[in-house]
Participant: 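Here you go, one structure.
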Number of protein chains: 2
Amino acid sequence: MNGNNHVKSEDALREYNVNEFVTPDGYTSDIAIFTITSEKKQEYKPPIMELKIMLIKRALVNAEEKPNIEGGKWALPGGFVSHNEAGGYDAALRELAEETGVKGLHLKHFGVYDKPGRDPRGWIISNAHYAIVPERYLANRKAADDAIEVELFTLKEVFSLSLSFDHMKIIEDAIKIIKRDIAETTVAKHFLPKEFTASELRVLLQLVINEPVVKEDSAFSRKIGKLPFIEVVKQRDGSLKKSQRNSKTPSQLYKFKDINEEEFVRSIYSAKY
Amino acid sequence: MNGNNHVKSEDALREYNVNEFVTPDGYTSDIAIFTITSEKKQEYKPPIMELKIMLIKRALVNAEEKPNIEGGKWALPGGFVSHNEAGGYDAALRELAEETGVKGLHLKHFGVYDKPGRDPRGWIISNAHYAIVPERYLANRKAADDAIEVELFTLKEVFSLSLSFDHMKIIEDAIKIIKRDIAETTVAKHFLPKEFTASELRVLLQLVINEPVVKEDSAFSRKIGKLPFIEVVKQRDGSLKKSQRNSKTPSQLYKFKDINEEEFVRSIYSAKY
DNA sequence: CCAAAAGTGTTGAGCCTACACCCATGA
DNA sequence: TCATGGGTGTAGGCTCAACACTTTTGG
């Protein structure tokens, strides 16, 4: 399976022979890029939002004019981890920056796909990530070398496509995880502008989480200001900052507090039911 | 970096050459095995519990009598994913069964460690998992081929050891994750017998989560029965099943309901604060 | 002044905390 | 009967759901 002989010599251990164990044939990072398209139907109306995922169409031939693996199918953006990168997350960051032209976007690793046979080229291991990218950054997207087309699909649309490799399974998992994360963590903030109105957050949550987890009532606007991870935005002079972008009535702007998500533990045993 | 030529031929794509990209030198699965030692000081007293992690001491020489990499240091149990396994999780399951002699234990993947340089032998990728193993299964533990010693360490002790590779970092991450999981999911059940008393669960939670997340009061025994994922244990005839193992007064036994953890979403937006 | 979104007032229900107290049992 | 862990009774407080209602504003 392997003819590799690359050994870093270290003190007495230089006898080690890498031949002794099996090695993968490749190591890649794939990214499920989510965005929410936000369409303003009219002035003074909350926007119509839709959750979409960005896919690329794999080229029919590669750079050397040879037939490309899984060419012509839609796939998650991604690629091989190159040797000068500090691992799969780094590679995913680079891919994400290449696809969107923007750095510093939200990216999270959520799984490893390593079943032999998932890629016809050999035993290729994929690190799966999801990214949240505000719609405006996808405007200036550009196709990478081996991609010929880029497109946003609704979740419904994506399930009717024929995807490359095991990307359908990866996307299914990504959707589950992003839904859970939006409900249970504050990642929703990456879909929203820094300062947002109660209705914007409410529409987003109802879009992603169907359940009656979010009260549709006016109760939400009353509760949002009391949530421990959200605060009202004030102006310099201390007065409340409001916006009229969704209604004639000025509505309060909120923002997510700068908290350490890691330390924000909500025990199921002390929760109130 | 690579001399590999293993290509699965597939329809028109047989021209593909694996040489074109960089491959890892190895793919391993490591497991942080947690257990809670439960010492009964006296009859009719709740046990004294302590959270521990199982480590192995790497042999000084390997099977071929050559000096072993990182020999003599404590390390997480684990090993290379072999070619007939369906990926890293499978390999971890095998390792866990080998270390404990028991199958079907709780095992969860929580991260990938793939920074070049983390292993002196080359670019070796590790899938990190944590396992929860009831203490009794660690009694009949046996050292694997390349291990000479097995020992349980308290979390305090482990931080004063010199560990192999980046295992200290992996363990730190594992501890964070298992603490969060115990607070936010029902994995605590894997530390407990199927039927447990309120005090057993309370001691466990207080052991792992220091915060005042769990009220020390008698309030806990009142609340536990109302938690949506726990139910009281009844006897055949419908009467409540009680135990006297921790006190002279018979105390109620509880068990975790069989729920789908995945679908048990607790939105931070609808939570009560 | 109308329409529409934002937000307030109010009431009753349910859960939580705290504290005091009772219960069951082996020694 | 005592010591001890387990469990109950109750009052006050807080949050929440629900419903009706008011406010703000551009057109």
Side-chain angles (χ1 to χ4, degrees), chain A residues 38 40-49 195-206 211-230 232-234 239-254 266-273, chain B residues 38 40-49 195-206 211-230 232-234 239-254 266-273:
Chain A
S38 186
K40 262 220 137 33
K41 289 287 188 191
Q42 300 172 45
E43 279 298 297
Y44 303 115
K45 288 274 184 188
I48 311 290
M49 296 182 179
E195 302 180 351
F196 52 88
T197 65
S199 68
E200 285 162 356
L201 175 58
R202 183 169 45 75
V203 170
L204 166 60
L205 292 175
Q206 284 179 336
E211 298 159 286
V213 187
V214 182
K215 313 300 168 294
E216 317 209 20
D217 288 294
S218 53
F220 189 71
S221 62
R222 198 186 321 227
K223 177 164 190 175
I224 182 172
K226 289 179 191 166
L227 293 173
F229 47 88
I230 286 182
V232 297
V233 181
K234 291 184 178 178
S239 65
L240 298 173
K241 189 168 177 188
K242 308 214 173 196
S243 158
Q244 271 175 290
R245 61 185 178 232
N246 299 328
S247 70
K248 295 163 186 171
T249 310
S251 56
Q252 179 62 50
L253 288 172
Y254 298 90
R266 298 169 297 281
S267 157
I268 58 175
Y269 299 97
S270 65
K272 308 181 184 185
Y273 293 94
Chain B
S38 188
K40 262 220 138 32
K41 289 286 191 195
Q42 302 170 44
E43 279 298 297
Y44 304 115
K45 289 274 185 188
I48 312 291
M49 296 182 178
E195 303 180 350
F196 51 89
T197 65
S199 67
E200 285 163 354
L201 175 58
R202 182 168 47 74
V203 170
L204 165 60
L205 293 174
Q206 284 179 336
E211 298 159 287
V213 188
V214 182
K215 312 303 168 294
E216 316 207 19
D217 288 295
S218 54
F220 189 71
S221 61
R222 196 184 325 225
K223 177 163 190 177
I224 183 172
K226 290 180 191 165
L227 294 173
F229 46 88
I230 286 182
V232 296
V233 181
K234 291 185 180 177
S239 66
L240 298 172
K241 188 168 175 189
K242 308 215 172 193
S243 158
Q244 271 175 288
R245 61 184 178 234
N246 299 329
S247 70
K248 297 164 185 170
T249 310
S251 56
Q252 179 62 50
L253 289 172
Y254 298 90
R266 297 169 297 281
S267 156
I268 58 174
Y269 299 98
S270 64
K272 309 183 181 185
Y273 294 95

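What you see is a predicted model, and the numbers here were worked out from it, not measured in a lab. Just so we're on the same page: letters track the sequence lines, and every chain starts at 1. Values below: all heavy atoms of this structure, side chains included; hydrogens, waters and symmetry mates excluded.
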Participant: Regarding A:S247, tell me which of base, sugar-phosphate or nothing describes its non-hydrogen contacts under 4.0 Å with the strands shown.
Facilitator: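 Sugar-phosphate, backbone atoms only, no base.
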Participant: Of A:A219 and A:P250, whose nearest nucleotide on DNA chain D comes first from the 5' end?
Facilitator: A:A219
Participant: Taking any heavy-atom pair under 4.0 Å as a contact, classify A:T197: base, sugar-phosphate, or nothing.
Facilitator: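 Counting heavy atoms under 4.0 Å across all strands, no contact is made by A:T197.
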Participant: Roughly how many Å is it from OH in A:Y269 to C1' in C:dC15, rounded to a whole number?
Facilitator: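 About 20 Å, once rounded to whole Å.
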Participant: Does a nitrogen or oxygen in the side chain of A:S199 sit under 4.0 Å from OP1 or OP2 of C:dA6?
Facilitator: yes
Participant: Assign A:S218 to base, sugar-phosphate, or nothing according to its heavy-atom contacts below 4.0 angstrom with the strands shown.
Facilitator: base
Participant: Using only side-chain N and O atoms of B:K248, determine if any of them is under 4.0 Å from OP1 or OP2 of C:dA27.
Facilitator: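 It does not, given that no N or O in the side chain of B:K248 lies less than 4.0 Å from OP1 or OP2 of C:dA27.
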Participant: State which residue, out of B:E43, B:K40, B:K45, fulfils the side-chain hydrogen bond (donor to acceptor under 3.5 Å, both in side chains) condition with B:N246.
Facilitator: B:K40
Participant: Return the value, rounded to whole Å, for the distance between atom CD of B:Q244 and atom C1' of D:dG5.
Facilitator: 11 Å
Participant: Once you apply a heavy-atom cut-off of 4.0 Å, does A:E43 come out as touching a base, just sugar-phosphate, or nothing?
Facilitator: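 Nothing, no nucleic acid heavy atom in range.
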Participant: With a 4.0 Å cut-off on heavy atoms, is B:K226 in touch with a base, just the backbone sugar-phosphate, or nothing at all?
Facilitator: nothing
Participant: According to the interplanar angle, ranging from 0 to 90°, do the rings of A:F229 and B:Y269 count as parallel (below 30°), tilted (30 to 60°) or perpendicular (above 60°)?
Facilitator: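 Taking B:Y269 first and then A:F229, their aromatic rings stand perpendicular (interplane angle over 60°).
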Participant: If I take atom CG in residue B:L240 and atom C1' in nucleotide D:dG6, what distance separates them, rounded to the nearest angstrom?
Facilitator: 14 Å
Participant: Of the nucleotides D:dG5, C:dC16, C:dG7, which one has an atom closest to the side chain of B:T249?
Facilitator: D:dG5
Participant: For A:K45 and C:dA3, what is the distance between atoms NZ and C1' respectively, to the nearest whole Å?
Facilitator: 9 Å
Participant: Would B:S199 and B:T197 count as having a side-chain donor-acceptor pair, cut-off 3.5 Å?
Facilitator: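 Present: a donor and an acceptor within the cut-off.
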Participant: Could you check B:A198 against B:K272 and say which one's nearest nucleotide on DNA chain D is further toward the 5' end?
Facilitator: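 The residue closer to the strand's 5' end, by nearest nucleotide, is B:A198.
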Participant: Return yes if the base of C:dG9 and the side-chain atoms of A:R222 contain a donor-acceptor N/O pair under 3.5 Å, otherwise no.
Facilitator: yes
